[in-house]
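Since the structure comes first, as structure tokens, the remarks are kept for the end.
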Amino acid sequence: MPKHKGLTFFVVDMKSPGIDPRPIRQIPGTSEFNEVFLQNVRIPDHNRLGEVGAGWQVAITTLMNERHGRYNMTPDWSDALRLASELEIDGEPAANQSSVRERIADWYVQCRGVELTFMRTLTAISQGKQPGPENSICKVITASARQDIASFAADLLDSAGAVSGREDAPSAGMFHYAYLAAPGMRIAAGTDEILRNIIAERVLTLPGEIRVDRDRAFSDIPTGAN
């Protein structure tokens, strides 16, 4: 891909001098990733992955693996069904409500479609092929479905949906944590908008957005310093 020529991928030893990782505290109260500052860090060539100038291929393969890894969604449709079966509305299980069953059925269909897409990816990997753009489907669906299921559960739990903590909250706080964390999942490994562009252009082969510099590598684009 001409646009990404000139990129080279390296593995950086986090114990190298000059690296300063600073945890980012997220809304749920956890710190699952960091912002990393590098000051005069030297990386040996034997830490390079792939050929010089071929770093984009390594990066996109890494991203596709991450996106298909996010197909394991918690909570999923079965968690929503279990909760709806345990809670009551007007003296009967919430799962007896047609509107509740309809929503859970939609999530089941989405999760089943993601599962089959994931199996397709595993088949390709078993044949020595690289994960393809189909993994973007898995990520964009599971991230939004997880947020919808968590919001649905919070409404169903009423005031108990605001309780956090494994010991105090219903379902060990799974729905509460997912409700707070789910918006970030729609940014990690590619925003919804980026993934939909990938699906449209590379899976459905729809016309891409107009880019006047599509055939020029980043390293060849003039800058103010040139």
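Everything quoted here is computed from the prediction, not taken from an experiment.
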Report task. Please report the shortest heavy-atom distance between Leu87 and Leu156, naming the atom on each side. Result -> CD1-O, 3.6 Å

Using a 3.5 Å cut-off and no angle test, enumerate the donor-acceptor pairs between side-chain atoms of residues 93-105 and protein atoms at least two apart in sequence or in another chain.
from	atom 1	to	atom 2	distance (Å)
Arg101	NH1	Asn96	O	2.5

Report task. Kindly indicate whether the side chain of Asn34, heavy atoms from C-beta on, has any atom under 4.5 Å from the side chain of Arg22. Result -> no

Query - Residues, nucleotides or ligands: over 12 heavy atoms within 6.0 Å of Glu51 CD - result: no

Query raised in the report: Can you check whether Ala160's main-chain N or O pairs, donor with acceptor, with Asp158's side chain at less than 3.5 Å?
Result: no

Query raised in the report: Is any side-chain heavy atom of Thr30 less than 4.5 Å from a side-chain heavy atom of Tyr177?
Result: yes

Query raised in the report: How far apart are the closest heavy atoms of Pro21 and Pro23, and which atoms are they?
Result: O-CD, 3.9 Å

Report summary line: Heavy-atom nearest pair, Met185 first then Lys139, reads O-NZ, 2.6 Å

Query raised in the report: Side chains of Ser144 and Arg186: closer than 4.5 Å at any heavy-atom pair?
Result: yes

Requested in this report: Show your reasoning for whether salt bridge (Lys or Arg N to Asp or Glu O under 4.0 Å) applies to Glu115 and Arg112.
Outcome: CA-CA 5 Å; Glu115 180 182 353; Arg112 183 59 176 160; 3.2 Å; yes

Query raised in the report: For Ala200, does its backbone N or O pair with a side-chain atom of Asn197 as donor and acceptor, under 3.5 Å?
Result: no

Requested in this report: Run through the side-chain heavy atoms of Ile, Leu, Val, Met, Phe, Trp and Tyr, join any pair under 4.5 Å, and report what else lands in Val12's cluster.
Outcome: Phe10, Met14, Ile19, Val36, Leu38, Val41, Ile43

Query raised in the report: Heavy atoms, side chains only, cut-off 4.5 Å: are Arg82 and Ser171 in contact?
Result: yes

Query - Gln110 (side chain) donor-acceptor with Ala145 (main chain) under 3.5 angstrom - result: no

Query - Heavy-atom side-chain proximity of Met174 to Thr74 below 4.5 angstrom - result: yes

Query raised in the report: Is the backbone N or O of Cys138 less than 3.5 Å from a side-chain atom of Thr142, with the two atoms forming a donor-acceptor pair by type?
Result: yes

Query raised in the report: Is any side-chain heavy atom of Thr123 closer than 4.5 Å to a side-chain heavy atom of Gln127?
Result: yes

Query raised in the report: Under 3.5 Å, side chain of Ser151 to main-chain N/O of Gln147, donor-acceptor pair present?
Result: no

Query - Heavy-atom check, side chain of Val58 versus side chain of Thr8, under 4.5 Å - result: no

Query raised in the report: Does the ring centre of Trp56 sit less than 6.0 Å away from the ring centre of Phe9?
Result: no

Query raised in the report: Do Phe175 and Pro170 come within less than 4.5 Å of each other through their side chains, counting heavy atoms only?
Result: no

